[in-house]
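Worksheet: the structure to be examined is printed underneath.
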Amino acid sequence: MKNLLFYGGGNISFAVIKGLIKSGYKKENIFYCDRNTSNQKKLKALKIKNINKTKSVNIDYIILAVKPKDALEAFHEIVNKYNSPKIVSFVAGIKTKKYKQETKLDFSLIRAMPNTSSKFGLGITAIYNLSFNKSHKNNVKNIFNKIGLVIEIDKESKIDVFTGLIGSGPAYFFYLLKSYEKKLSKIFNGDEKKIKKTISYLMMGVGKSIEESNDIDKLIQAVASKKGTTEAGIKSFRLQKLNKSFDKGLDAAIKRSKEISDEY
Ligand SMILES: NC(=O)c1ccc[n+]([C@@H]2O[C@H](COP(=O)([O-])OP(=O)(O)OC[C@H]3O[C@@H](n4cnc5c(N)ncnc54)[C@H](OP(=O)(O)O)[C@@H]3O)[C@@H](O)[C@H]2O)c1
């Protein structure tokens, strides 16, 4: 098992680490480095070791998982501290060539864009590789395959699209589900547990149906009967141009992702 160092132990590292542990990845092979005490506590509770409090250990891959604004500083810390590090960058927006321009020191870097569903083994991770050799790239793919689906991308710019669609993706559905939460609250007299369980079963059923069928229009037709409730709901969504609004939201996220990319 490869030794992984999560450089930045915030939201996404926590989700990926949890997913890896769930998949059987040994905690002894996972390390972190984070300056934030609240994130340190969370990882300590998971029994993940702080690299700064660990005797010298051979790290195979360093996962760069800090916010874009902190990424270049953290990158310099890594290349100055580790010999020819193999970096897996989760950082949105910063292109491989930018890191190359930053130092003459030797390193290799692959970009990976996971999402928080990795926590449950249901993640989607896009990978873009420019400098890892085939064997290291395959090792990285194998690691992320343990926590969900891995999609290899052939153009770095597509990572920005992926970030807006899939990296941020879970939040769009959480946002839409707020309407369900409100309506179900009335049925369940505000019982949070029942509300959450009902919504989660609804979403799991949706996922399973898509996995089985692939044809989303047919799935809608299978639920909607003439003059029934579904038809009334869908008709109203169409009238309100819900799809158009949703499309616009996705486009705004993709645009922002590209803007961040252009800032570096
Ligand atoms: N969240 C997601 O769903 C998601 C999905 C895909 C990709 N990403 C990417 O992953 C990266 C991390 O996102 P996140 O949401 O996990 O961020 P986050 O929750 O803010 O976690 C980053 C952590 O790294 C720490 N840190 C920053 N610079 C450091 C340094 N030089 N040394 C040690 N620790 C340092 C931060 O400490 P402070 O709090 O003190 O700054 C923070 O605890 C971002 O670039 C984002 O684009 C995120």
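In each ligand, atom 1 is the first atom listed, and ligand 1 is the first ligand listed. Hydrogens, waters and symmetry mates are skipped; everything else that's a heavy atom, side chains included, is used. By convention here, the first residue in the shown sequence is residue 1.
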* To do: Select the closest option to atom 25 (C) of ligand 1 among D34, I166, D70, judged by heavy-atom distance.
  => D34

* Between K42, Q40, E77, flag the one that comes closest to atom 30 (C) of ligand 1 by a heavy atom. => E77

* Asked: Could a heavy atom of F14 be found less than 4.0 Å from some atom of ligand 1?
  -> no

* Using the rule that two of Ile, Leu, Val, Met, Phe, Trp, Tyr join whenever any of their side-chain heavy atoms come within less than 4.5 Å, decide whether L72 and L64 are in one cluster. => yes

* Going by distance only, is there an N or O of I12 that falls short of 3.5 Å from an N or O of ligand 1? -> yes

* Asked: Backbone or side chain, does any N or O of Y7 fall under 3.5 Å from an N or O of ligand 1?
  -> no

* Asked: Between K155 and D160, is the closest basic N to carboxylate O distance under 4.0 Å?
  -> no

* **Sub-3.5 Å N/O-N/O distance, V66 and ligand 1** => yes

* Of all the non-hydrogen atoms in the protein, which one sits nearest to atom 39 (O) of ligand 1, and at what distance? -> N36 ND2, 2.9 Å

* Asked: Taking the minimum heavy-atom distance to atom 47 (O) of ligand 1, which of S89, G167, A92 ranks first?
  -> A92

* Between N3 and D60: side-chain donor-acceptor atoms closer than 3.5 Å -> no

* Determine, using heavy atoms of E73 and all atoms of ligand 1, whether some pair is separated by less than 4.0 Å. => no

* Asked: Are M204 and L202 co-members of a hydrophobic cluster defined by side-chain heavy atoms under 4.5 Å apart?
  -> no

* Exceeds 12 heavy-atom contacts within 6.0 angstrom, atom NZ of K27 -> yes

* Are L122 and I151 connected in a single hydrophobic cluster, I mean Ile/Leu/Val/Met/Phe/Trp/Tyr linked by side-chain heavy atoms less than 4.5 Å apart? -> no

* Asked: Taking heavy atoms and a distance under 4.0 Å, where does N39 meet ligand 1: side chain, backbone, both or neither?
  -> side chain

* Asked: If you link I, L, V, M, F, W and Y whenever their side-chain heavy atoms are under 4.5 Å apart, who else ends up in the same group as Y175?
  -> none

* Does K158 make a cation-pi contact with Y128, if we ask for NZ or CZ under 6.0 Å from the ring centre and within 45° of the axis? -> no

* F90 heavy atoms, cut-off 4.0 Å: which ligand 1 atoms fall inside? -> 7 (C), 8 (N), 9 (C), 10 (O)

* To do: Please tell me if the side chains of V223 and E231 come closer than 4.5 Å, counting only heavy atoms from C-beta onward.
  => no

* To do: Give yes if a backbone or side-chain nitrogen or oxygen of N11 is under 3.5 Å from a nitrogen or oxygen of ligand 1, and no if not.
  => yes

* Do M113 and I143 belong together in a cluster built from hydrophobic side chains that touch within less than 4.5 Å? -> no

* Which protein non-hydrogen atom lies closest to atom 21 (O) of ligand 1, naming both residue and atom, and how far is it? -> G10 CA, 3.2 Å

* Asked: N/O to N/O below 3.5 Å, does that happen between S13 and ligand 1?
  -> no

* Closest candidate by heavy atom, reference atom 17 (O) of ligand 1, pool R111, H76, K67 -> K67

* Testing K98, K95, R111 for salt bridge (charged side-chain N to carboxylate O under 4.0 Å, His left out) with E156, which one passes? -> R111

* Asked: How far is atom 41 (O) of ligand 1 from its nearest protein heavy atom, and which residue and atom name does that atom have?
  -> R35 NH2, 2.9 Å

* Asked: Hey, which atoms in ligand 1 end up nearer than 4.0 Å to a heavy atom of P114?
  -> 5 (C), 6 (C)

* Asked: Which of the numbered atoms in ligand 1 are below 4.0 angstrom from a heavy atom of T116?
  -> 3 (O)

* Report yes if K69 has an N/O atom closer than 3.5 Å to an N/O atom of ligand 1; otherwise report no. => no

* Structure fact -> Note: ligand 1 atoms sitting under 4.0 Å from heavy atoms of A65 are 11 (C), 12 (C), 22 (C)

* Consider every N or O of M113 and every N or O of ligand 1, then say whether any pair is closer than 3.5 Å. => no

* Any pair counted as side-chain hydrogen bond (donor to acceptor under 3.5 Å, both in side chains), so long as it reaches residues 176-196, sequence neighbours left out -> K178-E181

* Heavy-atom contacts under 4.0 Å between A71 and ligand 1: side chain, backbone, both, or neither? -> neither

* Ring centres under 6.0 angstrom apart (Y82, F107) -> no

